[in-house]
Number of protein chains: 2
Amino acid sequence: MSLYLRFLEEFEGAGLTTVSSDELAARGGTTSAQVRKDLSFFGSFGKRGLGYQVSELTQNMRRILGLERDWRVIIVGVGKIGAALAQYEGFQQRGFHVIGLYDSDPAKIGREIYHLPVRAIESLAEDNRARPVDIAVIAVPASAAQRVVDQVVASGISGIMSFAPIQLHVPSDVTLNTVNMAMELERLSYALSNRE
Amino acid sequence: MSLYLRFLEEFEGAGLTTVSSDELAARGGTTSAQVRKDLSFFGSFGKRGLGYQVSELTQNMRRILGLERDWRVIIVGVGKIGAALAQYEGFQQRGFHVIGLYDSDPAKIGREIYHLPVRAIESLAEDNRARPVDIAVIAVPASAAQRVVDQVVASGISGIMSFAPIQLHVPSDVTLNTVNMAMELERLSYALSNRE
DNA sequence: TCTATCTTGTGAATGAATTCACAAGCCGCG
DNA sequence: CGCGGCTTGTGAATTCATTCACAAGATAGA
């Protein structure tokens with residue numbers, strides 16, 4: 001789904017005004033039937049004989065993906081990865097606004113990183129009441145991750161994006177998405193080892 | 001597959017010497033039949049009535065995933081993300097050794113980051129002949145990514161791990177794995193928007 | 001040795017996802 | 001207005017993945 005949006009933006013950038021399922025399929029390395037099935041799950045966006053209006057479909061995809069609104073994001077763990085994420089423009093561009101940084105290291109608390117003060121994780125619950133957070137990005141070491149996630153959940157935040165290389169457990173009303181770089185490397189290792 | 005290895009290491013750490021497909025399934029939130037099917041694809045590692053020998057299965061998984069050997073890795077693009085990856089211990093721990101850093105910014109070339117000199121991307125082909133590289137990690141802006149990938153491929157490197165938020169194209173004899181954080185955020189956005 | 005109890009490995013059955021194939025609709029042109 | 005050329009949307013057919021269910025070992029204890 002995200003992929004289709006990406007392709008649509010490409011096509012839009014190229015000045016195309018309409019696009020067919022065939023073109024989208026070719027771009028994504030799939031079949032036109034697949035594209036139509038995927039899209040039709042959410043509604044009927046195309047015109048027979050013509051294809052899809054790029055601008056209209058783009059807008060619909062944005063709405064479906066929840067990208068029309070802004071999301072308030074905090075980053076927990078201001079190590080190298082957390083700091084890198086804090087200043088990653090890609091976030092802001094798509095409406096993900098970093099409004100807070102948290103850490104447990106007393107040496108870091110109080111310092112400013114990219115115009116945002118680093119706060120103690122203990123103040124998260126209170127901060128969240130004052131200014132609710134939509135998504136917490138977890139960028140702490142594996143050994144601390146589950147504890148931090150528990151604190152985040154206890155603070156009332158219900159969207160979590162984790163970069164910790166372990167499987168985390170959250171209540172069913174909390175949405176968790178994990179990017180596990182260790183596993184991605186292993187996937188590559190497997191692919192490289194097993195090509196004839 | 002990677003997941004199983006992770007669980008096995010947990011069980012090993014807990015001192016267990018054998019494990020059943022049921023236990024692995026419980027740990028991973030799947031079914032025992034699924035676990036057995038997955039494993040049996042690669043061979044017959046268990047003993048009926050007993051289960052799997054943890055150490056033996058761990059070793060087999062490592063072999064299957066190609067983790068018994070060391071991998072020589074370079075990082076192309078020493079921005080915030082590239083620098084963060086360069087010093088990420090998780091890489092070294094699993095046998096992924098960062099042996100070189102590359103960038104196109106003259107201000108960065110020649111500087112040392114975590115004991116490794118940053119070199120010009122132009123010297124990559126030559127360096128690779130002197131000391132072959134297994135995997136190139138791409139951590140450059142989206143706008144430069146395809147060009148950099150082409151250079152990497154032209155240098156003779158055939159394993160690529162990309163963090164650029166775009167779809168890259170490589171010849172079929174090159175293995176590419178992409179971690180697209182923009183898409184992961186969108187996935188989370190979608191999940192958050194569409195829960196009742 | 002024989003029996004009771006486990007747990008694997010794997011065909012068979014079920015369920016899910018993809019692909020096929022085509023009627024229904026839209027546009028442009030004569 | 002009617003016809004021909006396109007492309008969507010969607011049931012039907014097919015392929016792929018998961019789950020079921022059980023025979024084939026393996027062990028432990030009597």
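Since the model is a prediction, treat every value here as computed from it, not as a measurement.
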_B/Ile74 and B/Leu124, any side-chain heavy atoms less than 4.5 Å apart_ = yes
### Query
Can we say A/Arg62 and A/Glu56 salt-bridge, meaning some charged N sits less than 4.0 Å from an Asp/Glu carboxylate O?
no
message: Under a 4.0 Å threshold between the charged nitrogen and the carboxylate oxygen, would A/Asp103 count as salt-bridged to A/Arg119?
response: no
What is the separation between atom [atom1] on [X] and atom [atom2] on [N], rounded to the nearest whole Å?
X       : N      : atom1 : atom2 : value
B/Leu50 : D/dG25 : CG    : C1'   : 11 Å
B/Leu57 : C/dT7  : CG    : P     : 16 Å
A/Asp22 : C/dT19 : CG    : C1'   : 14 Å
B/Arg48 : C/dT8  : CZ    : C1'   : 5 Å
A/Arg36 : C/dA23 : CZ    : P     : 15 Å
B/Asp38 : D/dT19 : CG    : P     : 10 Å
B/Lys47 : D/dA28 : NZ    : P     : 13 Å
A/Glu23 : D/dT7  : CD    : P     : 8 Å

For [N], take OP1 and OP2 only and decide whether either is under 4.0 Å from a side-chain N or O of [X].
X       : N      : result
B/Ser44 : C/dG9  : yes
A/Ser21 : D/dT7  : no
A/Tyr52 : D/dG9  : yes
A/Gln34 : C/dT19 : yes

What class does the angle between the rings of A/Phe96 and A/Trp71 fall in, given that below 30° is parallel, 30 to 60° is tilted and above 60° is perpendicular?
parallel
**Request:** Determine whether any donor atom in the side chain of B/Lys37 lies under 3.5 Å from an acceptor atom in the base of D/dT19, or the reverse, and answer yes or no.
**Result:** yes
Whichever of A/Thr30 and B/Gly46 has the more 5' nearest nucleotide on DNA chain C, that residue is B/Gly46
Regarding B/Asn180 and B/Glu184, is there a side-chain donor-to-acceptor distance under 3.5 Å anywhere?
-> no
